[in-house]
Amino acid sequence: MKNKATQTEITPIGILKETDAAENFFYQEMFEIVIQNSPVSMYILDGWAFSFINQQFCTVTGYSKEEFQTGRVTIEDLFHPDDLPMVKERIKKRIENHEGSSRYRSRVYKKNGELLHVEIHGTKMERNGKMLLFGTVFDVTAEVTANVRLQESKERYTSLFYNNPDAIFTMDLEGVFTDANPGCEELTGYSSEELLEMSFAPLIVSEDLATTLNHFHEALQGISANYEIAINRRDGKRRNIEVTSFPMKHGGEIIGAYGIAKDITDKVEHQKIMEELIFYDSLTKLPNRKLFEDRLKQVFKQAEANENQAAVLFLDLDRFKYINDSLGHHLGDEFLKIVAQRLTENVRKTDTVGRFAGDEFAILLPNSEKHEAIALAKRLNKVLVEPFEVMGHSLSVSASIGVAFSGGAEENVDSLIKKADTAMYYTKKYGKNNFTVYSEELDLKTAYKLALEKELKSAVANQEFTLHYQPIIDLKTGALRAMEALIRWNHPELGQVPPDNFIPISEESGQIMAIGNWVLHTACAQNKIWQDLGYPPFKMCVNISAIQLQHPNFVETVQTMLEETGLEAKWLEMEMTESVLMENTQTLKDSLINLKALGISISIDDFGTGYTSLSYLRQFSFDRVKIDRSFVDDISKDLNGKTITSTIISLAHKLGMQVIAEGIEDELQLAFLIEEKCDEGQGYYFSRPLPADEHDLCKLPKKYW
């Protein structure tokens, strides 16, 4: 029986030979099918040349079987130059039987130049006295690339984590630090070792702890957040930080939280400085008008939730200008700081005290009953008159206050502040050291003021002004010594408008220059007329405002009017109130000196009611002073007016000035003034102010007693 056993051998090209032809064909066919369709690249090396490669090997490298088997593609063509020595060394060891099998990775070039990473599994066998090397090749490019990227990612992470100037950290589910970079050490003052033994909670300032805990728990729920808090460093210093927190996941499960903290202390401080510049008064550190208005706006938005109305108090310090000018701006600034502090101490924490400008303050009561606002106004009037100790000086001041209450849904920021301002203006004009609650009546008065300002512009051109003249009498002889020119406004619709109503308005609007020039020219011309009619000459007294005196061309204007009217300068006297001297400007001083140089007399009106310094009296050599009518009125009432009047007369005489008493109305006043050697007098006892054509100068001079 024929032996069915077969013998096989591997030819140089790797083809099996079987003695049995049928079986040989079968196994050869199976070999071809399995090897050629295998998803694994396979090869056989006969020495240094490829004797067999399967189809997958061709697919991976891009070369054909013919190119390999004809020797057109060699090991040198296939492997990267840097890897070729290593590959040859591994082949050599197997050929020389120093290595049975091997496994290594290398880089190969595809036919199109693309570089692949492959893993080679090689082994050997000896057939017919020849050493054949065969093995498999796996494309591991994707794995290598992924590993490279992973490594690069790890390196980037490590670099970013440990070299980042910001603090980067991780925490477990309990909030305990599990990792902390050097930035954490710089920020907190703790070492990394110390941080890894503690939670974040002890670092957080108490007022921010609740916020921080809330965001930490949100991170554990998968919610990222960005927020600002403050921490206390190990050395006790407070730092402001901006934190970004987000969940830390592993295998899809949240195992803690990541955090990035940036030190923003300098930024916060800068913001505070900018806010102070924009929203706070630089001197008193109180909210300025911009911030005050913003807070009032917020109050209006919440008006429905408030039980009571919003109220605004507008304050203006009485006579602060005199303190500022007489003692200096530096002391005035310090005084305003103390006033601001006293105001703040007398309001609630929910109220806002603001400084608008100069000596103007405002107080916002966001939710106040009317009686509470009025009580506050009364209290402020009381506490502000208490002496202030400022740089060794004891100073007293009072305040004019306006109070306004929100009128409901139609009220707005500007209107409420304007109402309080209107009420304050009324207080300052008619009371001082008091308060006024806004009413519509005050608006009517404001409208009246605006109407006067408008009508004043055309009053001179329309010849609506007239001058009345009041005699000034020599109290020793009863002779006429002067006439005071007093302006009157006969408005065609409003009738007689009192000077106290329109003179302040003309000064505020700047129209006093035109009106004052008309008064001066008319009075000088009238005095010259009386002189030309043969009456004994006397002085014409004209009231002058600070605005006129500070005009650079005022003296030249006066000189021109004297030349135009023909009146000699010695018959003109200019009266000014004590408050004019407090302006204390060089232009004003020059005007007074130059007027005196022309030969014009200068007198101080309403003496005793202001703050005239004796240095002013000596510096400008005033000719006369007028005792204010309030002191003369007190003479007949047996009050302190007698003492004050006597003192003024004595002081003026010692300084070489004559004294005029105004407002004389009865014989008792006249007798006292004569006894005290007052030089001249003026008042209804002698004559009320009259138009020029109603004065009978023929009866003057004469004695009235």
message = As an exercise, state the distance from CD1 of Ile323 to CG of Leu331, rounded to the nearest 0.5 Å.
response = 8.5 Å
task = Sequence neighbours left out, what passes side-chain contact (heavy atoms from CB on, under 4.5 Å) with Asp318? Give chain and number order.
result = Ser398, Ser400, Lys428, Lys432, Asn433
task = Measure across Thr350 and Pro366 and return the closest heavy-atom pair with its distance rounded to 0.1 Å.
result = O-CG, 3.4 Å
Side-chain donor-acceptor pair present, Ser415, Asn412, cut-off under 3.5 Å = yes
request  = Determine which pairs satisfy salt bridge (charged side-chain N to carboxylate O under 4.0 Å, His left out) with at least one residue from residues 484-498, sequence neighbours left out, and list them in order.
outcome  = Glu484-Lys626
key: Heavy-atom check, side chain of Leu376 versus side chain of Leu313, under 4.5 Å   = yes
note = Looking only at heavy atoms, the pair that brings Glu507 and Ile547 closest together is O-CD1, 3.0 Å
ask   = What do the steps show when you test Glu665 against Arg629 for salt bridge (Lys or Arg N to Asp or Glu O under 4.0 Å), and what is the final call?
value = CA-CA 10 Å; Glu665 296 185 355; Arg629 65 180 66 250; 5.2 Å; no
note = From the list Leu384, Leu315, Val390, Thr284, side chain to side chain contact (heavy atoms under 4.5 Å, CB included) partner of Val339 resolves to Leu384
message = Give me the atom names and distance for the closest heavy-atom approach of Thr427 to Ile401.
response = OG1-O, 3.0 Å
key: Leu549 side, atom CG; Leu595 side, atom CG - distance, nearest 0.5 Å   = 6.5 Å
key: Contacts of type side chain to side chain donor-acceptor pair (under 3.5 Å), residue His653, not counting sequence neighbours   = Asp679
query = Okay, side chain of Asn594, backbone of Asp590: is any donor-acceptor separation there less than 3.5 Å?
reply = yes
request  = Any chance you could lay out the salt bridge (Lys or Arg N to Asp or Glu O under 4.0 Å) test for Arg342 and Glu345, step after step, and finish with the verdict?
outcome  = CA-CA 5 Å; Arg342 189 172 292 187; Glu345 291 171 349; 5.8 Å; no
key: Under the side-chain contact (heavy atoms from CB on, under 4.5 Å) test, residues paired with Glu372 that sit two or more places apart   = Arg348, Ser368, Glu369
inquiry  = Please report the interatomic distance CG(Leu598) to CD1(Ile600), rounded to the nearest 0.5 Å.
reply    = 5.0 Å
Worked verdict on Phe686 versus Gln470 for side chain to side chain contact (heavy atoms under 4.5 Å, CB included) = CA-CA 9 Å; Phe686 304 112; Gln470 187 173 34; over 6 Å; no
query = Okay, side chain of Ser650, backbone of Ser646: is any donor-acceptor separation there less than 3.5 Å?
reply = no
ask   = Using the ring of each side chain (for Trp, its six-membered ring), is Phe314 parallel, tilted or perpendicular to Phe356, with breaks at 30° and 60°?
value = perpendicular
key: Spacing of CG belonging to Asp333 relative to CD1 belonging to Ile338, to within rounding of 0.5 Å   = 11.5 Å
ask   = Taking NZ, NE, NH1 and NH2 as the nitrogens, is one of them in Arg355 or Glu360 under 4.0 Å from a carboxylate oxygen of the other?
value = no
Residue among Asn543, Leu690, Thr466 satisfying side chain to side chain contact (heavy atoms under 4.5 Å, CB included) with Leu486 = Asn543
note = Which of Asp628, Val632, Ile472 passes side chain to side chain contact (heavy atoms under 4.5 Å, CB included) with Glu662? Answer is Asp628
Side chain to side chain donor-acceptor pair (under 3.5 Å) involving His521 - partner list, sequence neighbours excluded = Glu564
task = State whether the number of non-hydrogen atoms from other residues, nucleotides or ligands found under 6.0 Å of Arg688 atom CZ is greater than 12.
result = no
query = How close do Ala423 and Thr436 get, heavy atom to heavy atom, and via which atoms?
reply = CB-O, 3.3 Å
inquiry  = For a quick test of reading the model, state the closest non-hydrogen atom pair linking Pro499 to Pro504 and the distance between them.
reply    = O-CD, 3.8 Å
request  = Determine whether Leu452 and His491 make a side-chain contact, defined as any pair of heavy atoms from C-beta on separated by less than 4.5 Å.
outcome  = no
query = What are the two closest heavy atoms between Leu291 and Asn288, and how far apart are they?
reply = N-OD1, 3.0 Å
query = With a cut-off of under 6.0 Å to the ring centre and 45° to the axis, is Lys378 in cation-pi contact with Phe435?
reply = no
ask   = How far does OG of Ser591 sit from CD of Gln548, to the nearest 0.5 angstrom?
value = 10.5 Å
message = Looking at Glu440, I'd like to know if its CD atom is crowded, meaning that more than 12 non-hydrogen atoms belonging to other residues, nucleotides or ligands lie closer than 6.0 Å.
response = no
inquiry  = Any donor-acceptor pair under 3.5 Å linking the side-chain atoms of Ser406 with those of Gln309?
reply    = no
note = With Ile649 as partner, the option from Glu676, Gln658, Met657 fulfilling side chain to side chain contact (heavy atoms under 4.5 Å, CB included) is Glu676
query = Taking atom CD of Glu441 as the centre, does the number of heavy atoms from other residues, nucleotides or ligands within less than 6.0 Å exceed 12?
reply = no
query = Would Val312 and Phe405 satisfy side chain to side chain contact (heavy atoms under 4.5 Å, CB included), going step by step from the backbone distance to the final call?
reply = CA-CA 7 Å; Val312 171; Phe405 298 97; over 6 Å; no
task = Can you measure from OG (Ser603) to CG (Asp623) and round to the nearest 0.5 angstrom?
result = 8.0 Å
request  = Measure up the Trp489 and Phe502 rings against each other and bin them: parallel (under 30°), tilted (30 to 60°), perpendicular (over 60°).
outcome  = perpendicular
task = Using a cut-off of 6.0 Å, state whether more than 12 heavy atoms not belonging to His270 lie near its atom NE2.
result = no
Inter- and intrachain pairs under salt bridge (charged side-chain N to carboxylate O under 4.0 Å, His left out), touching residues 283-293, at least two apart = Arg289-Glu293
